[in-house]
Amino acid sequence: LKTAKIWKENDFNLFELLGVLDLTIEADRLIETQVGNIITYYEYENNALVWSLDNLKYSMANNDKYMIEKCIKLSSGDLLFLPNRRSRSEFCLKIFDKDILKVSHTLKGHTYKVCGAIELRNENIVSYSAGDNNLILWDKKLDYTPNILDGHTAMITSVIEIDSNKLISISNDDTIRLWNLNNLTCIAVCEEKNSIENVKRLKKTDHIIYIVKDVVKVVDTNLKQKYI
C-alpha cells in the first residue's frame, strides 16, 4: 500500500474523492482516529504519521527513537503505542493525544519487553510483559499511575476482562489467574500440568474455554468449576 484514497459519502449515498495520500514507503495499515485526521502506521519505519484531511499533509506522531510495535485505538480516540519487541531498551507505552496531536503520556513500569495491552471498560489500561511476568494496571483517573499485579512466574500470554472489577490472565507457568482490580490481589488460580492455549471467553456466558494438550476444557470465570 503506497497510496491511500480518501473518500467522503455525500447526501445522495455517493462517494466523492477528497484526495490521495502519497505514502513514500509501504504502510502496514491506516487507522481513522477522528473527523479530519487519519493515522498511518508504518511497520518498517516503526512510526506513525498524522494526516490532516484539510491539506493532506502529515506530522510525525513521535520524533524520537521509540519504535512502535503495535498501535491500539482507545475509546477516547487517542492512540496507545506499544514498543517494538526487538528493542532492548524501550519497555514503556505511549499515549498519543488526538486533540493536541502529540504524545501526552509515557507509561513506565515494565522492566522487559511488552507483549500486549488492553483497554478496560472504565478506560484504564492493563499491559503485560514477556520477562518481568507482571501485569500493570494504569489508572487513567490518576494520570495513568502504575499498579503492579504480581503472581505469575513465567511470561503472560494474554488477558481477558471479566467485568469492571475483575480480570483473568493466562501465563506460560500453566496457570490462569483471576484478579480483583479494586485491591490488586489474585483471588483464584486455575492450575494445569501443561501449556494453556487458545483461551477465549464464551460469548454471553460466564465461562472460559481453553486447550491443554489437545484437550478442550471449560472453566467458569470465577475459576471454581472446571469441565472437560
Side-chain angles (χ1 to χ4, degrees), residues 66 68-76 78-96 105-192 194-202 206-212 217 219-224:
Y66 180 86
I68 301 170
E69 171 83 16
K70 188 176 182 182
C71 181
I72 299 173
K73 183 178 178 181
L74 303 176
S75 58
S76 63
D78 296 339
L79 294 177
L80 176 65
F81 292 157
L82 275 62
N84 192 301
R85 283 192 270 183
R86 291 174 295 178
S87 173
R88 297 182 180 181
S89 58
E90 289 287 358
F91 310 131
C92 61
L93 299 87
K94 294 190 176 186
I95 295 178
F96 182 84
H105 295 81
T106 298
L107 311 185
K108 295 183 179 181
H110 286 294
T111 58
Y112 204 73
K113 300 174 183 179
V114 177
C115 287
I118 64 169
E119 181 185 26
L120 305 179
R121 300 172 203 179
N122 58 11
E123 297 189 7
N124 289 339
I125 293 169
V126 171
S127 59
Y128 49 99
S129 168
D132 59 27
N133 307 328
N134 290 331
L135 294 161
I136 296 185
L137 172 68
W138 307 91
D139 194 325
K140 183 177 181 180
K141 292 182 179 179
L142 298 177
D143 204 29
Y144 293 105
T145 299
N147 301 278
I148 295 178
L149 284 69
D150 183 18
H152 283 295
T153 58
M155 182 178 75
I156 299 166
T157 56
S158 60
V159 295
I160 300 173
E161 182 183 16
I162 301 303
D163 56 39
S164 58
N165 300 316
K166 293 179 182 178
L167 182 85
I168 276 180
S169 59
I170 302 92
S171 169
N172 283 345
D173 62 11
D174 304 335
T175 67
I176 302 174
R177 289 180 177 267
L178 176 65
W179 302 88
N180 183 323
L181 298 181
N182 288 327
N183 57 20
L184 306 176
T185 59
C186 177
I187 55 178
V189 181
C190 173
E191 297 183 1
E192 295 288 350
N194 292 282
S195 297
I196 301 169
E197 301 176 339
N198 299 324
V199 183
K200 295 181 181 179
R201 182 174 185 177
L202 296 175
D206 291 326
H207 292 85
I208 301 294
I209 186 171
Y210 60 95
I211 298 175
V212 177
K217 299 187 177 185
V219 65
D220 64 30
T221 52
N222 290 317
L223 304 186
K224 291 183 177 180

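All heavy atoms count here, side chains included; hydrogens, waters and symmetry mates do not.
With contacts defined as side-chain heavy-atom distances shorter than 4.5 Å, the pair I168/I176 qualifies. Residues L178 and K166 meet the side-chain proximity criterion, which asks for heavy atoms closer than 4.5 Å. When side chains are defined from C-beta on, V126 counts as touching L167, because their heavy atoms get closer than 4.5 Å. Between R177 and S171 the shortest side-chain heavy-atom distance does not fall below 4.5 Å.
Summarising the geometry of V114 relative to F91, their closest heavy-atom pair is CG2-O, 3.4 Å, with the distance given to 0.1 Å. Listed here is the closest heavy atom pair of K113 and S129: O-OG, 3.0 Å. Between S169 and V159, the shortest heavy-atom contact is CB-CG1, 4.0 Å. When all heavy atoms of S164 and R121 are compared, the pair lying nearest together is N-NH1, 4.5 Å. Minimum heavy-atom separation, C71 to F81: SG-CE2, 3.5 Å.
Atom SG in C115 sits 8.5 Å away from atom CD1 in I156 (nearest 0.5 Å). Once rounded to the nearest 0.5 Å, the distance linking CG of N182 with CG of N165 reads 4.0 Å. Between the CG atom of L120 and the CG atom of L181 there is a distance of 6.5 Å, given to the nearest 0.5 Å. Interatomic distance, CG of L135 versus CG of D150, reported as 9.5 Å (0.5 Å rounding). Atom CG of L80 is separated from atom CG of L107 by 7.0 Å, given to the nearest 0.5 angstrom. L184 CG to N147 CG: the interatomic distance, rounded to the nearest 0.5 Å, is 5.0 Å.
Looking only at distances, no side-chain donor or acceptor of N194 sits under 3.5 Å from a matching main-chain atom of V212. A donor-acceptor pair is defined here as one N or O able to donate and one able to accept, closer than 3.5 Å; no such pair exists between the side chain of T106 and the backbone of K94. Put simply, the side chain of T221 never gets that close to the backbone of I162: no donor and acceptor are under 3.5 Å apart.
Heavy atoms of other residues, nucleotides or ligands lying less than 6.0 angstrom from OH of Y112 number 12 at most.
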(request) Could you walk me through whether H110 and S127 pass side-chain contact (heavy atoms from CB on, under 4.5 Å), step by step? (result) CA-CA 9 Å; H110 286 294; S127 59; 2.7 Å; yes
(request) Determine, stepwise, if the pair K73 / D78 fulfils side-chain contact (heavy atoms from CB on, under 4.5 Å). (result) CA-CA 6 Å; K73 183 178 178 181; D78 296 339; over 6 Å; no
(request) Start with the C-alpha distance between N133 and H152, add both sets of side-chain angles, then the distance that settles side chain to side chain donor-acceptor pair (under 3.5 Å), and finish with yes or no. (result) CA-CA 6 Å; N133 307 328; H152 283 295; over 6 Å; no
(request) Begin from the C-alpha positions of V189 and L223 and carry the test side-chain contact (heavy atoms from CB on, under 4.5 Å) through to its verdict. (result) CA-CA 7 Å; V189 181; L223 304 186; 5.7 Å; no
(message) Determine whether N198 and K200 satisfy the following criterion, side-chain contact (heavy atoms from CB on, under 4.5 Å), listing intermediate values before the conclusion.
(response) CA-CA 6 Å; N198 299 324; K200 295 181 181 179; 5.6 Å; no
(request) Let me see the working for W138 and T145 under side chain to side chain donor-acceptor pair (under 3.5 Å), right down to the final yes or no. (result) CA-CA 5 Å; W138 307 91; T145 299; over 6 Å; no
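For the side-chain contact (heavy atoms from CB on, under 4.5 Å) with I125, the lone residue among I136, L137, I95 that qualifies is I95.
In this structure, Y144 and H105 have perpendicular ring planes: the angle between them is above 60°, well past the 30° mark.
A salt bridge links R201 to D206: at least one charged side-chain nitrogen sits closer than 4.0 Å to a carboxylate oxygen.
There is no side-chain donor-acceptor pair under 3.5 Å between D220 and H207. At a cut-off of 3.5 Å, with distance as the only test, no side-chain donor of E192 or T175 sits close to an acceptor on the other residue.
Taking T185 as the reference, N183 meet the side-chain hydrogen bond (donor to acceptor under 3.5 Å, both in side chains) condition, with sequence neighbours excluded. Residues meeting the side-chain hydrogen bond (donor to acceptor under 3.5 Å, both in side chains) test with S158, sequence neighbours left out: none.
Counting only residues at least two apart or in different chains, salt bridge (Lys or Arg N to Asp or Glu O under 4.0 Å) contacts with residues 130-146 comprise E123-K140.
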